[in-house]
Number of protein chains: 2
Amino acid sequence: MSFKLLESPRLEELVNYIKTALNSKSTVLLIGECRVDYEGRASSRLEPGERLVIIKQDGAILVHRPTGYSPVNWQPSTSIIEVIYKEGVGLVIHALRDRPREYLTIVFTRINIFFAGKLVDAGNFTMYIDEKEMRDILANNPFLIEDGLRVIAVEKPVGDGFVDIYAIDKDNRHVLIELKRVTATREAVIQLYKYVEAYKNEFGEKPRGILIAPAFSPSALETALNLDLEYKYIDLKKVREYSKKKVRRTLLSDFTTGSKNDFSH
Amino acid sequence: MSFKLLESPRLEELVNYIKTALNSKSTVLLIGECRVDYEGRASSRLEPGERLVIIKQDGAILVHRPTGYSPVNWQPSTSIIEVIYKEGVGLVIHALRDRPREYLTIVFTRINIFFAGKLVDAGNFTMYIDEKEMRDILANNPFLIEDGLRVIAVEKPVGDGFVDIYAIDKDNRHVLIELKRVTATREAVIQLYKYVEAYKNEFGEKPRGILIAPAFSPSALETALNLDLEYKYIDLKKVREYSKKKVRRTLLSDFTTGSKNDFSH
DNA sequence: CTATGCATGTCGATA
DNA sequence: TATCGACGTGCATAG
């Protein structure tokens, strides 16, 4: 990594450094005293203070205060950036974004650290289990849900949406299964209920509805009880063990056009 | 701002610098080559590459790749941080978080830049308008919605949720108003529909349902039409003008316990 | 403390 | 390109 680092630079001289860095698609860090105005979907003003500003290689801008996960102000990667030095004002950074039209203005009155460097980052990022993965694993290993379950389709269109897994149980009853990787809330139960109702209307037969999650909120349990829906705790660790047998990534289109790719047997 | 800045330090010597910085509640920046593992609600692995790691004064950790708004890995401010140097491995940073239990491990094999400094940031941050503000302004100036409207309550409990504004129109019909500060999607329409249905069931009278937003998605408009709901465009600029007459922040409790604070006249 | 809903949400996939 | 739904969503607030 080649980089440029300046301690307590004069603001005037920084303008060209920053412009050069942005033109060469480098990542720029600025630490110093600034104020920030934002105008777009909302409006905000941040009074002067010491912050870290990051301008990434794709034009994303983040203004970070010394605490908290979230940037206090930002602009996603779609922004156009302009840098000016205004005598008596300071170093002004404008970031403009179209659609939605949003403006971000950062005014630095002092900069302690300037860094510009081209980060080389080709490392792969893998999320080991997300809801899709969980769905695929369970669809391919339905005994993890209950014995004798036969999966007919995943992401089956029902009513307004898609139910995660559509199956038939050992007593030949139809089963709609909704999955949550995190604690299931009442919302999830209601969603499943809508699927069950829609299915009943469409196909004339009331299916079982099972909500599967590692945990359930009290209101979810109560609602499930009231709406005559089943729920089942799942151990994510156990599911993850089955993820090793690498399955082809299942695409939505595989299941929405015809039945040739349905999981049936 | 007092700070410490090191260029291409040896990893061994960094351990104490970082520990000292964390103990003194400083913000730490590390730029260099690292890999990252995460385990918690999900699991992820990030292969080696050059990144920026931020450890904030409250223990929040962000791992940023050279592009994009979002950190690739992170830990919110509730984390406990441990720093170790492992011979033959590198500089290891562990961040543990309770509730939910989550582990983040960063392993640096090279560091180009180390920065530690106590940022002083007392600047005030003001968000000029959010949905609450919009709700309060419209509740206090209902003529912006339509002539003759009398607001009875805001955040009125209806069914499962709370409708933003509950009012009575000039013909004495009940009106449920749902607000969106951004483009309203079908979801917003469905939400309003649920309120209208729930209200009908609870109070026996079918109210008007009005969705108010600066813009509407086509599916939102279509759904509104199908569900017999009204929609109204609102100019945020115009609403914002009425925000100058500073209103006391309206609390939910003002409207849910008794009627003494209701907006009625 | 948990539950609920908003967010300048952001991001990715789909039509 | 716009829309839709998920997210390790984070975060504030109400109960």
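Sequence lines set the chain letters: A, B, ... in the order given, protein chains first and strands last, and positions in each chain run from 1. All values derive from a computational prediction rather than experimental measurement. These values consider heavy atoms only, across backbone and side chains, with no hydrogens, waters or symmetry-generated copies.
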Checklist entry - Looking at C:dT10, D:dG8, C:dA7, which one has an atom nearest to any side-chain atom of A:R181? => result D:dG8

Checklist entry - For D:dT9, does OP1 or OP2 lie under 4.0 Å from any side-chain N or O of B:R41? => result yes

Checklist outcome for this item: To the nearest angstrom, the CE-P distance between A:M134 and D:dG8 comes to 14 Å

Next on the checklist: Let me spell it out: for each of A:E187 and A:Y38, pick the nucleotide of DNA chain C with the closest heavy atom. Which residue's pick is nearer the 5' end?
Outcome noted: A:E187

Checklist entry - What is the nucleic acid contact for B:Q75, judged by heavy atoms within less than 4.0 Å: base, sugar-phosphate only, or nothing? => result base

Checklist entry - In whole angstrom, what separates A:Q191's CD from D:dG5's P? => result 9 Å

Checklist entry - Separation of B:K132 atom NZ from C:dT4 atom P, in whole Å? => result 17 Å

Checklist entry - Taking the side chain of B:V182 as heavy atoms from C-beta outward, which of D:dG8, D:dC4, C:dG9 is closest to it? => result C:dG9

Checklist entry - Among C:dC6, C:dG9, C:dT10, which is the nearest nucleotide to the side chain of B:E178? => result C:dC6

Checklist entry - Starting at the 5' end of DNA chain C, which residue's closest nucleotide do you reach first, A:T183 or B:G68? => result A:T183

Item to check | Side-chain donor-acceptor contact under 3.5 Å, A:D37 with A:S44 | outcome: no

Checklist entry - Considering only heavy atoms, which members of residues 217-227 of chain B lie under 4.0 Å from some atom of DNA chain D? => result B:S217, B:P218, B:S219

Next on the checklist: Determine whether the aromatic ring centres of residues B:Y199 and B:Y166 are separated by less than 6.0 angstrom.
Outcome noted: yes

Checklist entry - Residues in side chain to side chain donor-acceptor pair (under 3.5 Å) with B:S70, at least two apart? => result none

Item to check | Between C:dC6 (P) and B:L192 (CG): distance, integer Å | outcome: 13 Å

Checklist entry - In this structure, are over 12 heavy atoms from other groups packed under 6.0 Å from B:N201 atom CG? => result yes

Checklist entry - Mind checking the P distance from C:dT4 to C:dT8? Whole angstroms is fine. => result 23 Å

Checklist entry - Reckon A:R99 has a side-chain N or O less than 4.0 Å from the OP1 or OP2 of D:dT1? => result yes

Item to check | With sequence neighbours excluded, residues passing ring pair (Phe, Tyr, Trp, His ring centres under 6.0 Å) with B:F125 | outcome: none

Checklist outcome for this item: Checking C:dT8, C:dC11, C:dC6 against the side chain of B:Y69 (C-beta onward), the nearest is C:dC11

Next on the checklist: Once you apply a heavy-atom cut-off of 4.0 Å, does B:E131 come out as touching a base, just sugar-phosphate, or nothing?
Outcome noted: sugar-phosphate

Checklist entry - Rounded to the Å, how far apart are A:D98 CG and D:dT1 P? => result 11 Å

Item to check | Integer-rounded Å distance: D:dG8 C1' and B:E39 CD | outcome: 11 Å

Item to check | Results of salt bridge (charged side-chain N to carboxylate O under 4.0 Å, His left out) for A:R97 - residues two or more places apart only | outcome: A:E102

Item to check | Atom pair distance, as rounded to whole Å: CG in A:D164 and P in D:dA6 | outcome: 8 Å

Item to check | Residues in salt bridge (charged side-chain N to carboxylate O under 4.0 Å, His left out) contact with A:K232, at least two apart in sequence or another chain | outcome: none

Next on the checklist: The side chain of B:W74 is closest to which nucleotide in this list: D:dC4, C:dT8, D:dT9?
Outcome noted: D:dT9

Show me, pair by pair, the donor-acceptor contacts under 3.5 angstrom made by side chains of residues 49-57 of chain B, not counting sequence neighbours?
residue	atom	partner	partner atom	Å
B:E50	OE1	A:V120	N	2.6
B:E50	OE2	B:R110	NH2	3.1
B:R51	NE	A:D121	OD1	3.4
B:R51	NE	A:D121	OD2	2.9
B:R51	NH1	B:C34	O	2.6
B:R51	NH1	B:E47	O	2.9
B:R51	NH2	A:D121	OD1	2.6
B:R51	NH2	B:E47	O	2.7
B:K56	NZ	A:H64	ND1	2.7
B:K56	NZ	A:R65	O	2.8
B:K56	NZ	A:T67	O	3.3
B:K56	NZ	A:G68	O	2.9
B:Q57	OE1	B:T27	OG1	3.1
B:Q57	OE1	B:L119	N	2.8

Checklist entry - Does the distance from a Lys or Arg side-chain N to an Asp or Glu carboxylate O, for B:E197 and B:K200, drop under 4.0 Å? => result yes

Item to check | B:M127 CE to C:dG9 P, straight-line distance once rounded to whole Å | outcome: 9 Å

Checklist entry - Can you tell me how far P in D:dC4 sits from the matching atom in D:dG8, rounded to whole Å? => result 22 Å

Item to check | Base C:dT8 to side chain B:D130, donor-acceptor N/O within 3.5 Å cut-off | outcome: no

Checklist entry - In terms of side-chain heavy atoms of A:R97, which of C:dT10, D:dT1, D:dG8 is nearest? => result C:dT10

Checklist entry - Between B:R135 and C:dC6, is there a side-chain N or O to OP1/OP2 distance below 4.0 Å? => result no

